[in-house]
Amino acid sequence: MSDQLIIFDTTLRDGEQSPGASMTKDEKLRIARQLERLRVDVIEAGFAASSNGDFEAVQLVANNIKDSTVCSLSRANDRDISRAAEALKGAPRSRIHTFIATSELHMEKKLRMTRDQVFEQAKQAVRFARNLVGDVEFSPEDGYRSDVDFLCRVIEAVIAEGATTINVPDTVGYAVPELYGNFIKTLRERVPNSDKAIWSVHCHNDLGMAVANSLAGVKIGGARQIECTINGLGERAGNCSLEEVVMAVKTRRDYFGLGLNIDTQHIVAASRMVSQTTGFVVQPNKAVVGANAFAHASGIHQDGVLKARDTYEIMRAEDVGWSANKIVLGKLSGRNAFKQRLQDLGIQLQSEAEANTAFAKFKELADRKSEIFDEDILALVSDESVTHEKEQYAFVSLSQHSETGERPQATVVFTANGEEVKSVSDGNGPVDASLKAIEAHVKSGAEMVLYSVNAISGSTESQGEVTVRLQNSGRVVNGVGADPDIIVASAKAYLSALNKLHSTADRVAAQG
Ligand code: KIV
Ligand code: ZN
């Protein structure tokens, strides 16, 4: 058995299924580039058949990523598989990941199919996919709650059809480590041709055990691929977190005895990028990437760390990229320094026009804020006015008046399909007035389910980063906006959420 562990990142697919985490194709490409720098083995870029937008995103990632395998999810039918293969054409290494549910509950209630029908469809899907690409992964959805005899039968058949990776999802996060590890072990022992495929684990975090279950699948079960996401992003309580599982295998190499290709120094930058793009803030006490993960507050701990670091630290902060958190640029920095920093952060702007707008925005920001941090640069290049994505709404300017004892008033100027609009409203506070002014014109009817403000770099001089989550007709989207003026940041976030509501309208939901 190999002593190398494959890291399969599904931030752009399963992570994106998290309510509100939908990403534009340029955002996906930026994250994919960071995953490539991290030396992730496989990047699941999306679910090509779910919408035209997803197809284009998978295609863009496939055309630009050279060092990691690019993968698309597809249901077990010819149309989905053909769409995935088409989107992946430009990738030097591509994988089709096809799935069908195998638990009694899912087959009977969701698919309304018999065991024999599912068995035949799984075989047929893998056969069809193998005619299109050499690397095919099969997942029996809700595998952990499936009947073990039936599962063995399906897995044996799909390996015989050419599946190169067998992934066993704990789709609903029901497993506990010892049982899940033994489940994988049993499958590997009972499936006669199990040695012809790489075994993979895919665990959801509903009971907070996704990382522990994945590691048990590796240690007890003998799996050699872990499916995971940056910051543990994903459906409901999320997926196995990449940073935790990678650092566990690396820090406890004495126990796991496995090698990894991951360049861990890019972990913190990847975490920040995903958090800033989706608006999902990382909790301070989150392992590895939380702001307090390496902070020692108690005097006894501080004293110990100063005397000998390993008294209280099992990993080095710089090994996961914390030292990259420094003041990088100021108002005297020129175009070359800015370009270099973008390059160091793994950001490639798509055109000269984007680079010029980004530099102009940087100068504007540096005039208002003496220290520019990496987080500021990431927020700046995520701004829709820099990426020039074809968006329905774009922020232009805002003025507001608020005074103790008076009802605040705001006037917001923005473009709607290229036409400039000026809209006015009052509200409970200046933020409320500004968002009401936008809504008065747009009339989206969307319900706001979350509004949060976060200081990007800690001080009052910092940019405020605002996340707005909107819900409309069953769709949930997050919009993110950043500006030293939090009212402006709020208006940008609201417009960005409206743009996303518009762009995700045609997406088919992925199961799992
Ligand atoms: O959780 C799940 O079952 C999935 C599959 C589609 C792999 O995400
Ligand atoms: Zn999943």
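Counting begins at 1 with the first residue of the sequence. Only a predicted model underlies this, so the values are computations on that prediction, with no experimental measurement involved. Both ligands and their constituent atoms are indexed starting at 1 by order of listing.
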Novice: Using distance alone, determine whether T171 and ligand 1 share an N or O pair under 3.5 Å.
Specialist: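 Yes.
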Novice: Taking all heavy atoms of N205 and all of A210, pick out the closest pair and write down the distance.
Specialist: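 Distance-wise, the nearest heavy atoms are OD1-N, 3.0 Å.
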Novice: When you check the gap from the basic side-chain N to the acidic O, do K196 and E156 get nearer than 4.0 Å?
Specialist: no
Novice: What residues, two or more places apart in sequence or in another chain, satisfy side chain to side chain contact (heavy atoms under 4.5 Å, CB included) together with D3?
Specialist: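 D3 satisfies side chain to side chain contact (heavy atoms under 4.5 Å, CB included) with L258 once adjacent residues are dropped.
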Novice: Could you check whether E27 pairs with K500 (Lys NZ or Arg NE/NH1/NH2 to Asp/Glu carboxylate O, under 4.0 Å)?
Specialist: yes
Novice: Which atoms of ligand 1 have any heavy atom of E141 under 4.0 Å away?
Specialist: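 Answer for ligand 1: 3 (O).
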Novice: Can a cation-pi geometry be assigned to R83 and F55, taking NZ or CZ under 6.0 Å from the six-membered ring centre and within 45° of the ring axis?
Specialist: yes
Novice: So is R13 touching ligand 1 or not, going by heavy atoms under 4.0 Å?
Specialist: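 A heavy atom of R13 does come that close to ligand 1.
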Novice: As an exercise, identify every atom of ligand 1 less than 4.0 angstrom from a heavy atom of S139.
Specialist: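 Counting from 1, the qualifying ligand atoms are 7 (C).
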Novice: Under 4.0 Å from any heavy atom of P169, which atoms of ligand 1 are there?
Specialist: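 Numbered from 1, ligand 1 contributes 2 (C), 3 (O).
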Novice: To make sure I understand the geometry: which N, O or S atom in D14 is closest to the Zn ion (ligand 2)?
Specialist: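 Result: OD2.
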Novice: Got an N/O contact under 3.5 Å between H202 and ligand 1?
Specialist: yes
Novice: Below 4.0 Å, non-hydrogen atoms only: which portion of D14 touches ligand 1? Side chain, backbone, both or neither.
Specialist: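 D14 to ligand 1: side-chain contact only, backbone stays beyond 4.0 Å.
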Novice: Out of H97, R75, H204, E227, who gets a non-hydrogen atom closest to atom 7 (C) of ligand 1?
Specialist: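 The residue whose heavy atom sits nearest atom 7 (C) of ligand 1 is H97.
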Novice: Does R469 count as lying over the ring of F280, i.e. NZ or CZ under 6.0 Å from the six-ring centre, within 45 degrees of the axis?
Specialist: yes
Novice: Give me the ring orientation class for H97 and F8: parallel if the planes are under 30° apart, tilted from 30 to 60°, perpendicular past 60°.
Specialist: perpendicular
